[in-house]
Amino acid sequence: MTQPSNTSSTKTTPTNNKQQRQTVTPRSPRIRSLGDLLSDDTIEPRRSLCGPWLLERGFSMVFAPTGIGKSWFAMGVTAAVASGGTYGHWSAPEPRKVLYIDGEMDAADLKSRFHSIVEAAASGDRDAIEQNVLLYARHDQPEDGTMPDFGDPDDIEGIVQIVRDVRPDLVVLDNLSTLATVDDNNASEAWDPFLKLLQRIRSTGAAVLVVHHANKGGETYHGSSKIPVMFDSLVRLRPNKSPSFDKVGAAFILDFVKLRMLSEDANKTFDVAFSDNQWHFDTVVSPEVLQLVQRILGGEFTTQKDAAAALGTTPVDVTRMLSKAYAAGVTTRDAIKAALQQAQEDADEEADLPF
């Protein structure tokens, strides 16, 4: 009979998954000359997934107040990417795989909405959408199933492994408030785990579209100013107070708060509606109108007459341009009036200076 050895040995007591850490030998950093980088033919430009604002391995965020149509927007983009189809005047060059992660909707609502989205696609695209969109939804899990917390550093490895297993070209997170716990939305360091997760997802080769809530005013996203630093594009949706259609699933005004890529879309505002299983896109504000608003709000003019003179047009034309901006929700009469008044006060103070 074999006797137990008296030699002492070290035993590792198993711990739970959140405590386990594998020892990984860090790789040496790659540091190379600019000439080596410029001559590296293995590095190719990032291709578009949908228009100029959503690129391979890119980060994009869409934000809006509750009930405006954030999920409708994200689903429309998902269908275009999955089918190599179109969304508005943006096109997806080829079909790509999309992992759609939902933290809020009931499975029945997901089914109903995506059914409408598929019906809105061209007939040849529908099979591709159904094959290339993979759903990971909180309320579609087994009774004993759980969803990871996208704001918990201990859940990052598990989430990244899911992405590696699926190998999508695009990950949609709908929406951030229901998927990630953030202790203090306005504290920059509180967002570090989530932002680190985005970086890890990109390391798998996937792009990420984050669906998020707007702040109380609806003009920007909810949370720290640190959030958008790493994003290529920020898409803002605002209420359309007078939609052109009677029966709509969603109706909103769309513009870009940030668009890192050079594109004329950065200076456009769109009127978007999803009605009778069809998307409708119209450009409602020209770059000229948007530039006028930006210059007035920037304090460049003291009166509309001054603005007209600078633009080489008439005060009546300036009034018409501003009316289009008001109708589109780009700005308000009160905001323009306050900006002109402030510019006049600044000019008066400058005139009083003793030099």
Side-chain angles (χ1 to χ4, degrees), residues 46-51 53-62 64 69-88 90-142 145 147-148 150 158-176 178-180 197-198 201-202 204-212 233 235 237 249-250 272 274 277-279 281:
R46 289 190 294 164
R47 293 178 295 171
S48 166
L49 295 181
C50 186
W53 62 275
L54 184 60
L55 304 181
E56 292 176 322
R57 303 181 303 282
F59 297 137
S60 296
M61 175 188 288
V62 56
K70 299 185 296 295
S71 292
W72 283 108
F73 171 86
M75 290 176 177
V77 172
T78 293
V81 174
S83 64
T86 60
Y87 183 66
W90 300 309
S91 60
E94 61 184 281
R96 303 289 193 105
K97 186 182 292 186
V98 182
L99 175 60
Y100 198 102
I101 303 178
D102 180 85
E104 181 178 18
M105 276 192 277
D106 186 87
D109 296 331
L110 273 174
K111 178 179 178 181
S112 174
R113 287 201 183 188
F114 265 114
H115 178 78
S116 296
I117 292 293
V118 171
E119 286 296 309
S123 58
D125 296 340
R126 295 176 185 177
D127 288 343
I129 296 172
E130 293 183 7
Q131 293 172 8
N132 288 332
V133 178
L134 300 174
L135 297 173
Y136 179 31
R138 181 185 304 278
H139 298 297
D140 189 40
Q141 299 307 302
M147 285 282 283
F150 287 66
I159 296 168
V160 173
Q161 188 58 53
I162 291 172
V163 176
R164 286 200 190 103
D165 292 341
V166 175
R167 298 179 62 120
D169 296 288
L170 173 64
V171 176
V172 179
L173 302 179
D174 185 9
N175 60 65
L176 181 53
T178 61
L179 291 172
L197 171 63
L198 294 187
I201 291 176
R202 177 158 65 183
T204 70
V208 184
L209 173 60
V210 177
V211 181
H212 192 30
S233 60
V235 184
L237 310 183
V272 184
F274 187 73
N277 290 348
Q278 292 215 359
W279 285 104
F281 274 72

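Of all heavy-atom pairs spanning A250 and G69, the tightest one is CB-CA, 4.1 Å. Smallest separation of non-hydrogen atoms from L54 and V77: CD2-CG1, 3.7 Å. Contact detail for S48 and G51: the closest heavy-atom pair is OG-O, 2.6 Å. Annotation for Y100 and V133: closest pair CB-CG1, 4.5 Å, computed over non-hydrogen atoms.
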Name every donor-acceptor pair, under 3.5 Å, that has one atom in a side chain of residues 105-120 and the other anywhere in the protein, sequence neighbours excluded.
from, atom 1, to, atom 2, distance (Å)
D106, OD2, A108, N, 2.9
S116, OG, S112, O, 3.4
S116, OG, N277, OD1, 3.4

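Judged purely by atom type and a 3.5 angstrom limit, D174 has no side-chain atom pairing as donor or acceptor with the backbone of D102. Panel note: side chain Q141, backbone A137; a donor-acceptor pair is recorded below 3.5 Å. With hydrogens and angles disregarded, a donor-acceptor distance shorter than 3.5 Å links the side chain of W72 to the backbone of G249. Remark: side-chain polar atoms of E56 are paired, donor with acceptor, to backbone N or O of R47 under 3.5 angstrom. With hydrogens and angles ignored, the 3.5 Å screen pairs no side-chain donor or acceptor of T86 with any backbone N or O of G88. Judged purely by atom type and a 3.5 angstrom limit, T204 has no side-chain atom pairing as donor or acceptor with the backbone of V163. Between the side chain of R126 and the backbone N or O of A121 there is at least one donor-acceptor pair closer than 3.5 Å. Proximity of a side-chain donor or acceptor of S60 to a complementary backbone N or O of W53 within less than 3.5 Å is detected.
Here the OH atom belonging to Y136 is positioned 4.0 Å from the CD1 atom belonging to I162, to the nearest 0.5 angstrom.
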Next on the checklist: Under the criterion side-chain contact (heavy atoms from CB on, under 4.5 Å), I'd like the reasoning laid out for V81 against L209: C-alpha separation, chi angles, the key distance, then a yes or no.
Outcome noted: CA-CA 12 Å; V81 174; L209 173 60; over 6 Å; no
Item to check | Stepwise side-chain contact (heavy atoms from CB on, under 4.5 Å) test for L135 and D140 | outcome: CA-CA 9 Å; L135 297 173; D140 189 40; 5.7 Å; no
Next on the checklist: Could you go through N132 and R96, starting from their C-alpha distance and side-chain angles, then the distance that decides it, and tell me whether this counts as side-chain contact (heavy atoms from CB on, under 4.5 Å)?
Outcome noted: CA-CA 7 Å; N132 288 332; R96 303 289 193 105; over 6 Å; no
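Using a 4.5 Å heavy-atom cutoff, the side chains of F59 and V210 are not in contact.
Checked against a 6.0 Å centroid threshold, the rings of Y87 and F281 count as neighbours.
For R167, the CZ atom counts as loosely surrounded, since its 6.0 Å shell holds 12 or fewer non-hydrogen atoms of other residues, nucleotides or ligands.
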